[in-house]
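Notes to accompany the following structure.
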Amino acid sequence: GSEAASEQGQEEEVEDRLKEHMDNLLDKSAKARQAALQSLRLALSSKTLSEFLLERRLTLTDSLEKCLKKGKGEEQALAGTVLTLLCLQMGSGPEGEEVFCSLKPLLVSVLTDSTASPSARQSCATALGMCCYIAAADLE
């Protein structure tokens, strides 16, 4: 009994930290946004969180969109990586496709922007390729 309660408590703690990181993506400070992106990258690459993310995918997608639009260099690169991991977590169903379709034009925009940093462009190219492979229903 106490093991299950302890496990549930740990899971709630993880979810609370994730919510905090998602909130920090909207911070005015670029450093705070980058730290939040790094924390999300670590969380999404180390644990399956699809249930948690399913309910919050639109919020997270909107935040990543802002990071890609307004961010520079490292922030854009991290946002691309987090987006790739989000697509992996959402899978090939309609949710993954929805995330991919909403951010695809922005990924292409950063990728083709010659003034964007090479790391941001590379990250967006990877995100575009991976998300397209995982979540695009349209074969074109």
Salt bridge present between R57 and E98 (N-O < 4.0 angstrom): yes
Considering all heavy atoms, the nearest L54-M90 contact: N-CE, 3.7 Å
Evaluation steps, side chain to side chain contact (heavy atoms under 4.5 Å, CB included), between S63 and L26: CA-CA 7 Å; S63 298; L26 301 174; 3.8 Å; yes
pair S123-L78: side-chain heavy atoms closer than 4.5 Å: no
Heavy-atom check, side chain of K19 versus side chain of F52, under 4.5 Å: yes
Atom pair NZ/CD of K104 and E97 - distance to nearest 0.5 Å: 10.5 Å
Minimum heavy-atom distance A120-G73, with the two atoms named: CB-O, 3.7 Å
Heavy-atom neighbours of M130 CE exceed 12 at 6.0 Å: no
Same cluster (ILVMFWY, side-chain, under 4.5 Å), Y133 and V108: yes
Side chain Q89, main chain K47, donor-acceptor under 3.5 Å: yes
Any side-chain heavy-atom pair of V99 and L64 under 4.5 Å: no
Test item: R41 and L37 side chains (from C-beta on) under 4.5 Å apart, heavy atoms: no
Atom pair CD/CD of E75 and Q34 - distance to nearest 0.5 Å: 6.0 Å
Stepwise side chain to side chain contact (heavy atoms under 4.5 Å, CB included) test for F100 and L128: CA-CA 8 Å; F100 171 62; L128 193 60; 4.0 Å; yes
Minimal non-hydrogen separation, C67 against A79, with atom names: CB-CB, 3.9 Å
Over all atoms of both residues, closest heavy-atom pair of A43 and L18: CB-CD2, 3.5 Å
Heavy-atom check, side chain of R33 versus side chain of N24, under 4.5 Å: no
Straight-line distance of L103 CG to C131 SG, nearest 0.5 Å: 8.5 Å
Residue pair T48 / S50, side-chain donor-acceptor N/O under 3.5 Å: no
Gap separating the NZ atom of K70 from the NZ atom of K28, nearest 0.5 angstrom: 10.5 Å
From L111 atom CG to Q76 atom CD, the distance as rounded to the nearest 0.5 Å: 11.5 Å
Student check: side-chain heavy atoms of L83 and L60 closer than 4.5 Å: no
Distance (rounded to the nearest 0.5 Å) between H21 NE2 and Q38 CD: 11.0 Å
Student check: side-chain heavy atoms of V14 and R17 closer than 4.5 Å: yes
Atom of A135, atom of G91 and distance for their closest heavy-atom approach: CB-O, 4.1 Å
Check: E65/T61 side-chain N/O donor and acceptor closer than 3.5 Å: no
Any L25 side-chain heavy atom under 4.5 Å of K66 side chain: no
